[in-house]
Amino acid sequence: MNNTRNRFVHINQRIEHAFNQSGRSATDSPVTLLAVSKRHSLEKIHALYQLGQRDFGESYLQEALTKISSSDHEEIIWHFIGPIQSNKTRDIAQNFHWVHSVDRLKIARRLSAQSTERLQPLNICLQINISREIQKSGFSSSDIFTVMDEIIKLPNLAIRGLMAIPKPSDNIVEQKQAFMQLRQLKQKLNQEFQLNMDTLSMGMSNDLEAAIAEGATIIRVGTALFGPREY
Ligand SMILES: *Cc1c(COP(=O)(O)O)cnc(C)c1O
């Protein structure tokens with residue numbers, strides 16, 4: 001518990017410091033800390049909740065559904081950030097507030113069709129394969145322009161922005177490069193399709209400073225907040 005508190009305080013200091021260094025102003029979009037609780041216990045989620053944390057991210061649907069149904073914290077905002085199988089979209093649409101990992105048109109269509117009973121639209125981010133890695137999912141920076149017209153037409157979805165998991169690097173210049181590309185891509189898409197996307201979901205434990213410098217509005221932090229994953 002003490003460990004969790006210390007890590008939480010420390011991460012918030014890193015965020016504040018990076019924000020001040022970045023030249024972003026207090027009137028710009030703030031940075032939301034998404035606590036990535038995959039493979040960590042409900043007890044740890046509870047401890048962070050008590051400290052004021054509200055946004056939690058999960059990658060594995062079954063594990064997430066168990067946690068969501070056993071948690072009695074109604075104020076938690078649940079984000080799905082993992083790979084999506086098309087036969088799992090209904091459970092995702094019905095249990096989460098946000099989905100960061102929409103990586104195919106088919107998935108967007110299904111999420112929209114299965115969100116008809118939501119009171120509020122499902123917030124989505126489109127995942128971009130920004131470092132063009134063969135094994136990684138996500139739209140390419142050019143393909144996204146060809147599917148956007150279709151995605152925009154889907155009811156029940158709020159297209160909030162873009163998400164990426166760049167190739168890991170220890171070099172801050174390289175880290176920033178990838179995040180800058182995602183920021184510029186969002187700008188271009190907003191212009192070309194007259195959208196109002198306000199979200200850049202980028203930055204994790206090791207590169208959150210670079211992400212904040214390049215305009216991240218949601219950083220997804222697991223290890224630096226919870227320690228090594230438990231299972
Ligand atoms: C696990 C995961 C994270 C958290 O990574 P850490 O390095 O533990 O901070 C962030 N984003 C996604 C998509 C993840 O799967």
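Along the sequence shown, residues are numbered consecutively beginning with 1. Read the numbers this way: they start at 1 and go in the same order the structure lists the ligands and their atoms.
Per-residue contacts place R229 under 4.0 angstrom from the following atoms of ligand 1 (heavy atoms of the residue considered): 1 (C), 8 (O). Residue-ligand proximity, V221 to ligand 1, at heavy-atom distances under 4.0 Å covers atoms 9 (O). Annotation for ligand 1: atoms under 4.0 Å from non-hydrogen atoms of I81 are 11 (N), 12 (C), 13 (C), 14 (C). Using a 4.0 Å cut-off to heavy atoms of S59, the atoms of ligand 1 that qualify are 15 (O). Within the listing of ligand 1, atoms 6 (P), 7 (O), 8 (O), 9 (O) sit less than 4.0 angstrom from a heavy atom of T223.
Of all the heavy atoms of N206, none lies under 4.0 Å from any atom of ligand 1, so neither backbone nor side chain is involved. The residue H100 has no part lying near ligand 1, judged by heavy-atom distances below 4.0 Å.
By the 30° and 60° cut-offs, the orientation of the rings of F193 relative to F145 is tilted. The aromatic rings of W78 and F56 are tilted relative to each other, their planes meeting at an angle between 30° and 60°.
Taking the six-membered ring for Trp and the full ring otherwise, H100 and H79 have centroids separated by under 6.0 Å.
In terms of modelled atom types and a separation under 3.5 Å, the side chain of S22 and the main chain of A213 share no donor-acceptor contact.
Comparing V36, I219, I165, L34 against atom 13 (C) of ligand 1, the shortest heavy-atom distance belongs to I165. Relative to atom 2 (C) of ligand 1, the option among M204, K38, R220 with the closest non-hydrogen atom is K38.
For the residue pair Q50 and H46, a side-chain donor N or O sits within less than 3.5 Å of a side-chain acceptor on the partner.
Residue I124 holds its CD1 atom at 7.5 Å from CG of L154, rounded to the nearest 0.5 Å.
Residue G222 places at least one N or O, backbone or side chain, under 3.5 Å from an N or O of ligand 1.
Counting protein heavy atoms only, atom 6 (P) of ligand 1 is closest to S205 OG, 3.5 Å.
Note on ligand 1: A224 sits outside its first shell, no heavy atom being nearer than 4.0 Å.
M202 approaches I219 most closely through the heavy-atom pair O-CG2, 3.4 Å.
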Audit row: E230, R39, salt bridge (charged side-chain N to carboxylate O under 4.0 Å, His left out) steps and yes/no: CA-CA 6 Å; E230 292 168 54; R39 300 193 165 154; over 6 Å; no
